[in-house]
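All remarks here apply to the structure that follows.
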Amino acid sequence: MIDLRSDTVTRPTEAMLKAMMAAPTGDDVYAEDPTVNRLQAELAERFGHEAGLFCPSGTMANQIAINVHVAPGDEVICHRLSHIYNYEGGGIARNSGASVRLVDAPRGAMPADVIQAEVNPADSHFARTALVCVEDTVNKGGGAVQSLEMLAAGSDASRAVGLPFHLDGARAWNALRTTGQDWGRYGQMFDSISLCLSKGLGTPAGSVLLGNRDFIEEAHRTRKVMGGGMRQVGILAAAGLHAIEHHFDRLEEDHRRAARIGQLLSDHPSIAQVAPVETNIVIAQLSNGRSASELVEAQRQEGVLCSAFGPDKVRWVTHLDFGDGDLSRVLQALETWR
Ligand SMILES: *Cc1c(COP(=O)(O)O)cnc(C)c1O
């Protein structure tokens, strides 16, 4: 089976496993795992932040960040398509007691004027706006890359009224590979950043949260409260360090293969529309009357797994374990479907 349901299905490579086996470890709850400390320091430095915190998942990294930034009763501004709102189990309300103000703009964009319009005035009738969250790339937006100018303007607008600007950068690697932006300059725009190691970079697990020293100190406490304090996780951090060095540049291959799938779908008689393919995610809308589950099942019969993304939309995600030979098979499977 060729699995394109998500880029989380990858297995650690031989070289990654070797790096994991060789990693020095310690108890990370005491902050004594040298490999975790190295990963945290390296990412903090490269993104221009003071400190980092290794977390079990992207969801936990985001939820910790929100929890540190807001108090119960506060409000979080985020996009209608955002992962923190759609796919984290209602965690903003459940973990932090905060309400959400949803922004709607094409493909997950958060323009400065749209953010400004959603900030509540300082008046006891309203919830206190406490945080602005952006996502890059936008998962539900078809892997859309945020414009750097728009991010900079959103950051300035948020900070001008004293609001921290958080990045859900689970897929930031794909964005950075596409734009070629310097990681440090990119990182400066945000007050906190969560980065996933287990998506495009292909490690078995782990995310890193970045921010200033006080923020990370508080995040360390919140991670413990949420049950995310782990022990000798240097083995996972080693996979992350290996992946940053060896799996970042090759993301271009994932993007090229996704573009090829998107291209074929654009010309397909049973596909109405394909969202612009900017990174490694392809989302296609079927023509009238064709159902997503029908296409997903037909592809499964041909040995290809993709996922229904709503009643008439299907998603493919390319990744580390998907090569050019697999690409030919996927293109063939799509051509035989009518
Ligand atoms: C996958 C993802 C997450 C959450 O990551 P998990 O490790 O699955 O919890 C958060 N945000 C975005 C945009 C993602 O794609």
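Residue numbers start at 1 and run along the sequence shown. Counting convention: from 1, in listed order, for ligands and their atoms alike.
Of the residues listed (Val134, Asp168, Leu210, Asp136), the one engaging Phe190 in a side-chain contact (heavy atoms from CB on, under 4.5 Å) is Val134, and it is the only one. Residue Asp28 forms a salt bridge (charged side-chain N to carboxylate O under 4.0 Å, His left out) with just one option from Arg38, Arg223, Arg231, and that option is Arg223.
For His247 and Trp173, the ring centers sit 6.0 Å or farther from each other. Here Phe322 and Trp316 keep their ring centres 6.0 angstrom or further from each other.
Scored by the side chain to side chain donor-acceptor pair (under 3.5 Å) test, Ser194 finds Asn62 as partners (sequence neighbours excluded).
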Would you mind writing out a table of all protein N or O atoms found under 3.5 Å from any N or O atom of ligand 1, naming both atoms and giving the distance to 0.1 Å?
unit_1: ligand 1; atom_1: 7 (O); unit_2: Gly58; atom_2: N; d: 2.9
unit_1: ligand 1; atom_1: 9 (O); unit_2: Gly58; atom_2: N; d: 3.4
unit_1: ligand 1; atom_1: 9 (O); unit_2: Thr59; atom_2: N; d: 2.8
unit_1: ligand 1; atom_1: 9 (O); unit_2: Thr59; atom_2: OG1; d: 2.6
unit_1: ligand 1; atom_1: 11 (N); unit_2: Asp168; atom_2: OD1; d: 3.1
unit_1: ligand 1; atom_1: 11 (N); unit_2: Asp168; atom_2: OD2; d: 2.6
unit_1: ligand 1; atom_1: 15 (O); unit_2: Asn139; atom_2: ND2; d: 3.1
unit_1: ligand 1; atom_1: 15 (O); unit_2: Arg171; atom_2: NE; d: 2.9
unit_1: ligand 1; atom_1: 15 (O); unit_2: Lys199; atom_2: NZ; d: 2.9

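More than 12 heavy atoms of other residues, nucleotides or ligands sit less than 6.0 Å from atom CD of Glu252.
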